[in-house]
2 protein chains.
Amino acid sequence: MAKKQLIMEKALELFAKQGFEATSVQQITDHCGISKGAFYLSFKSKDELIVALIDHFMRQFTADIDFVVSDKNEEDLLYNFYYTAFQSFSKHSDFAKLLMKEPAQSFNEELFSKLHNYNKSLEKVILSMIERLYGDLSKDLKYDLSFCIKGFMSTYSELYLLYKTPIDMDLLSQSLVEKTNLLAKNMTITFIPDELIEIIDQPLIEDTSSEKIVEVIEKNIEDMEDSIEKESLILLKQELLEPALHPAIVKGLLSNIQHHPHCKWAAYLLRKHFEIK
Amino acid sequence: MAKKQLIMEKALELFAKQGFEATSVQQITDHCGISKGAFYLSFKSKDELIVALIDHFMRQFTADIDFVVSDKNEEDLLYNFYYTAFQSFSKHSDFAKLLMKEPAQSFNEELFSKLHNYNKSLEKVILSMIERLYGDLSKDLKYDLSFCIKGFMSTYSELYLLYKTPIDMDLLSQSLVEKTNLLAKNMTITFIPDELIEIIDQPLIEDTSSEKIVEVIEKNIEDMEDSIEKESLILLKQELLEPALHPAIVKGLLSNIQHHPHCKWAAYLLRKHFEIK
DNA sequence: TATAGTAGTGACTAAGCGGTCAATTGTCAA
DNA sequence: TTGACAATTGACCGCTTAGTCACTACTATA
């Protein structure tokens with residue numbers, strides 16, 4: 001639906017500039033050149049719009065990162081992780097600005113737990129990367145290391161989202177790789193023990209049940225034009241309901257949809273579900 | 001004045017829980033057990049209250065940190081820095097939560113530059129500490145190091161402000177000292193050069209070239225509906241390009257847009273430009 | 001061309017906001 | 001007890017907001 005996308009794009013521009021609360025529906029519709037009524041044909045409420053925006057971009061981001069981290073080659077893993085993350089921030093800088101302007105706590109309960117879950121997904125990805133890269137070396141220190149990685153990402157992205165200076169992303173990624181390696185290989189003091197993580201994890205809802213994935217896929221299928229990607233998605237949905245295909249076929253279907261911008265989240269969930277690395 | 005302090009305390013509790021915008025003056029006065037009118041005997045506006053809160057706590061925090069860093073003994077300097085910072089967060093956790101909930105950008109221009117200045121003060125203190133501790137070792141890397149330090153502080157404080165787990169502040173400080181030392185003594189890649197810092201320091205106060213202001217105004221005009229404010233902005237833009245109006249008229253036009261929620265920044269820049277107090 | 005049905009409009013409502021001020025209450029010296 | 005003044009109140013104002021809905025404009029088929 002083209003209207004929906006227009007509204008999301010134009011609204012995001014305003015949210016990035018002024019924040020969510022400070023932007024009225026009237027402003028959004030003016031900016032789109034449509035009437036207020038037309039807005040409510042596409043979204044039930046202003047809240048539904050922000051939820052849609054967050055889902056749209058966070059799914060893409062999480063899936064992008066996960067794809068990079070799933071790569072077999074460990075050589076440039078950390079570099080690729082940082083590079084992809086910052087490239088994604090840069091590509092969707094308006095959304096990144098929105099997230100910077102509106103910390104999770106300023107939204108309602110639903111959005112808070114949503115963002116919390118995305119954050120947990122990212123944490124999981126980072127932890128799996130740490131384990132692959134540093135193995136036992138990182139056993140007790142992995143949580144501290146992942147906190148440091150997230151800290152690096154947040155301060156350095158703030159730097160260039162706030163002051164629109166051109167960024168040498170290659171150099172930035174290299175410098176963060178160096179920092180991360182230094183910490184991973186030389187740190188000795190554990191501050192975040194397993195028990196603490198258990199407490200933090202508590203409120204997280206694990207919602208990767210097959211039904212949920214089918215839901216996501218069906219929404220995607222609706223929005224897609226006929227294509228190889230759509231066919232692949234339909235086949236994968238059937239496979240989810242009644243497993244029948246050879247793993248190699250499933251993997252092939254997954255790689256078909258991997259790079260379709262609207263399927264990244266579905267691909268991520270499916271990869272987890274079928275345990276394909 | 002005791003009333004003023006009561007209001008600040010009770011308001012901070014609500015701000016920490018709900019955020020500044022989401023807390024109404026009515027809620028604050030209810031929570032204090034006073035009337036709405038009484039609030040305005042102590043504060044001229046809701047904005048004056050948040051300014052008072054930020055000044056009160058930021059001055060304390062900056063002073064605390066500066067005191068520790070000014071200490072002659074270099075032995076435990078870094079440890080004391082982290083320990084004091086986290087102790088201060090912990091002691092004034094409601095204020096820390098408020099700052100977490102409300103990034104500088106969500107406030108008006110006065111508060112934004114206020115917070116920016118406090119941030120600069122903190123940066124200066126951190127940089128002087130780095131220079132004392134690591135001397136020439138840190139010459140090219142000092143800005144990167146200070147960014148890492150700020151990153152550590154923000155991620156780890158988020159950890160315990162969000163999840164109210166008891167924190168071993170001694171262990172936390174030790175672990176951050178270790179991380180900082182590792183980075184300071186082994187990092188080789190500079191990402192933030194002097195030039196970048198110059199750019200960052202620049203824009204806030206000195207960014208009053210007419211072209212820039214026109215840019216800001218034009219963006220505002222685009223997003224506004226027809227109104228007295230919009231007309232005023234358009235006239236002010238013309239005045240910026242070709243001065244023709246009487247100062248009194250300019251002042252009047254400025255006061256027209258002063259309180260429009262989306263013109264505050266433009267009003268600020270214009271006020272500076274026309275030197276109207 | 002007539003018609004049915006969808007897409008789009010914008011004046012409108014109710015609620016909530018920051019801020020004001022005439023009216024009320026409290027205080028204390030005379 | 002009185003009266004003058006200061007402190008305090010909360011109904012009220014003007015304004016903005018998210019959301020609604022009776023209406024109109026379009027479009028596609030018959």
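Within every chain, numbering begins at 1; the chains are lettered A, B, ... in the order of the sequence lines, protein sequences first and strands thereafter. All figures in this text were calculated on a predicted structure; none of them were measured in a lab.
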Contacts under 3.5 Å, N or O only, protein and nucleotides 23-27 of chain D:
none

Quiz item: Partners of B/Tyr118 by ring pair (Phe, Tyr, Trp, His ring centres under 6.0 Å), sequence neighbours excluded?
Solution: none
Quiz item: By salt bridge (charged side-chain N to carboxylate O under 4.0 Å, His left out), which residues pair with B/Lys46, not counting sequence neighbours?
Solution: none
Exercise. Could you tell me which residues satisfy salt bridge (charged side-chain N to carboxylate O under 4.0 Å, His left out) with B/Glu239, sequence neighbours excluded, listed by chain and number?
Key: none
Self-check item: Length of the line joining B/Lys3:NZ and D/dA6:C1', which is rounded to integer Å
Solution: 13 Å
Quiz item: Quick one: is the NZ or CZ of A/Lys36 closer than 6.0 Å to the six-membered ring centre of A/Phe39, and within 45° of its axis?
Solution: no
Quiz prompt | Sequence-aligned protein contact record of nucleotides 9-22 of chain C, with B where the base is within under 4.0 Å of a protein heavy atom and S where only the sugar-phosphate is | solution = BB------SBBBB-
Quiz item: Do B/Glu123 and B/Asn119 get their side chains close enough for a donor-acceptor pair, meaning under 3.5 Å?
Solution: no
Quiz item: What are the two closest non-hydrogen atoms of B/Phe89 and B/Ala96, and how far apart are they?
Solution: O-CB, 4.1 Å
Quiz item: Taking atom P of D/dT8 as reference, at what distance in whole Å does atom CZ of B/Phe43 sit?
Solution: 14 Å
Practice problem: Whole angstrom is fine here: how far is it from CG in A/Leu49 over to P in D/dT17? | Solution: 16 Å
Quiz item: What heavy-atom pair brings B/Phe95 and B/Leu53 nearest, and what distance separates the two atoms?
Solution: CE1-O, 3.8 Å
Exercise. Name all residues meeting the salt bridge (charged side-chain N to carboxylate O under 4.0 Å, His left out) criterion together with A/Lys114; count only those two or more places apart in sequence or in a different chain, and write none if there are none.
Key: A/Asp55
